[in-house]
S.K.: 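There's a structure below that I have some questions on.
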Amino acid sequence: MIVVFGSLNADFFMQVDKLPQPGETVLGGRYFLVPGGKGANQALAAARAGDGNQVFMVGKVGKDEWGDFATSLLREDGADVTNVGRGETGTACASILVDDKGENAIAVASGANLEARADQVPDDLLGPETWLVLQMEVTAKENWALIARAKAAGARILLSVAPAAPVPAATLDQVDILVVNEIEARMVGEAEKIFVEDTAEIGETLAARHGLTCIVTLGGEGAAAYSPEGALAVATLPITPVDTTGAGDAFVGGLAAALDEGKTLQEALRFAAVAAGLCCTREGTQSSFARRAEIDARIKEVLPAQIVGGSGQQG
Ligand code: RIB
């Protein structure tokens, strides 16, 4: 079972030739709206990528029409949204600019996401069968409280530190899998007094210090995973990117679905890399997430994650 605690947004996309500099106005082309938010994205990506996995989304939207919009694709793809509450503030909204190379810039008005509370997650969703998935678009202290409660109940914890934020050492001790991009790795590293640029060194140090697996996503270079037993590397799916927005969420959702099905870390990283790559071949966030049949059809184009710099087998 996968339980995602986190944000739900309405994403407002605009196509531009180039992203504006501070103080600059650029004229855009097409625009469109799609449900988003890192939490809801990861839940939807897991629901689509999974082979019948149960996915529960927990968070807050506003008492407005955007609240229904933000949960619409989750409902369509069979995720449980009964624990998505209605807050006093409006549904969160993201402005997303995408340039002609598929790169993006995002600003989020957090709205009701900041009203999401750890106690919205019922006890019966937290147990040894649970993979609890969290990101950083809700109030951090709610995340830390939920992680502590879930860990005590035997759940496994997957924390995606997006957007970048420091994570308390006591929380890192409770996390099973930490997913970061390079910027997020350095932010977590600095809070841990690991003042190096090299994300491999950060990942290795966090893994050894906290007994976790640290996965660093590297954009077009794939991803690397560091655990106390050693390191793994996975490549990307060979594609021409159209829009990379949400690729990190597709990776996390695919990873959660694969781990929930009992795949090894080597296979789960491969599966997540394919899910993330397919997301980049289409516009938008939730509009771009792949379903299981599509991932299975492309899986052979990426090798299972390979052991780097050691000889230990990774489970
Ligand atoms: O990771 C992409 C997401 O970031 C978008 O859906 C947007 O809502 C922001 O949360």
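Order of listing sets the numbers, starting from 1, for every ligand and every atom in it. Computed from a prediction, not measured in an experiment: that's the story for all the values here.
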S.K.: Students should be able to answer this: which protein heavy-atom is nearest to atom 4 (O) of ligand 1, and at what distance?
M.R.: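 In this structure, atom 4 (O) of ligand 1 has Lys38 NZ, 3.1 Å as its nearest protein heavy atom.
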
S.K.: Mind checking whether Gly37 has a heavy atom under 4.0 Å from ligand 1?
M.R.: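 Checking ligand 1 against Gly37, which is what was asked, there is a heavy-atom contact under 4.0 Å.
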
S.K.: What protein heavy atom is closest to atom 9 (C) of ligand 1, reported as residue, atom name and distance in Å?
M.R.: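 Going by distance alone, atom 9 (C) of ligand 1 is nearest to Glu137 OE2, 3.5 Å.
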
S.K.: Glu137 and Asn113: side-chain donor and acceptor closer than 3.5 Å?
M.R.: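 The criterion, which ignores hydrogens and geometry beyond distance, is not satisfied for Asn113 and Glu137.
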
S.K.: Check each atom of ligand 1 against the heavy atoms of Asn41 and keep those under 4.0 Å away; list them by number with element.
M.R.: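 Those atoms are 2 (C), 3 (C), 5 (C), 6 (O).
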
S.K.: Verify the distance criterion only: is there a donor paired with an acceptor across the side chains of Thr285 and Asp11 at less than 3.5 Å?
M.R.: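 Looking only at side-chain atoms, Asp11 and Thr285 do form a donor-acceptor pair, the distance falling under 3.5 Å.
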
S.K.: Could you check whether Glu192 and His210, counting side-chain N and O atoms only, form a donor-acceptor pair closer than 3.5 Å?
M.R.: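 Indeed, the side chains of His210 and Glu192 share at least one donor-acceptor pair under 3.5 Å.
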
S.K.: Return yes if a side-chain donor-acceptor contact under 3.5 Å exists between Asp243 and Thr245, otherwise no.
M.R.: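 On atom types as modelled, these side chains qualify, holding a pair under 3.5 Å.
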
S.K.: Ring centres under 6.0 Å, that's the criterion: do Tyr31 and Phe12 meet it?
M.R.: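 Yes - the distance between ring centres of Tyr31 and Phe12 falls below the 6.0 Å cut-off.
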
S.K.: Taking Thr139 for its side chain and Glu142 for its backbone only, find out whether a donor-acceptor pair lies under 3.5 Å.
M.R.: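 No, the answer is negative, given that no donor and acceptor are paired below the 3.5 Å cut-off.
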
S.K.: Compare Asp249, Asn9, Asp11 and give the one whose heavy atom is closest to atom 2 (C) of ligand 1.
M.R.: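 Among Asp249, Asn9, Asp11, the closest heavy atom to atom 2 (C) of ligand 1 comes from Asp249.
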
S.K.: Check ligand 1 against Gly36 and write out every atom of the ligand that is under 4.0 Å from a heavy-atom position of the residue.
M.R.: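 Listed by number with element: 6 (O).
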
S.K.: Distance under 4.0 Å to a non-hydrogen atom of Ala94: what atoms of ligand 1 satisfy this?
M.R.: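 Here the atoms of ligand 1 in question are 7 (C), 8 (O).
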
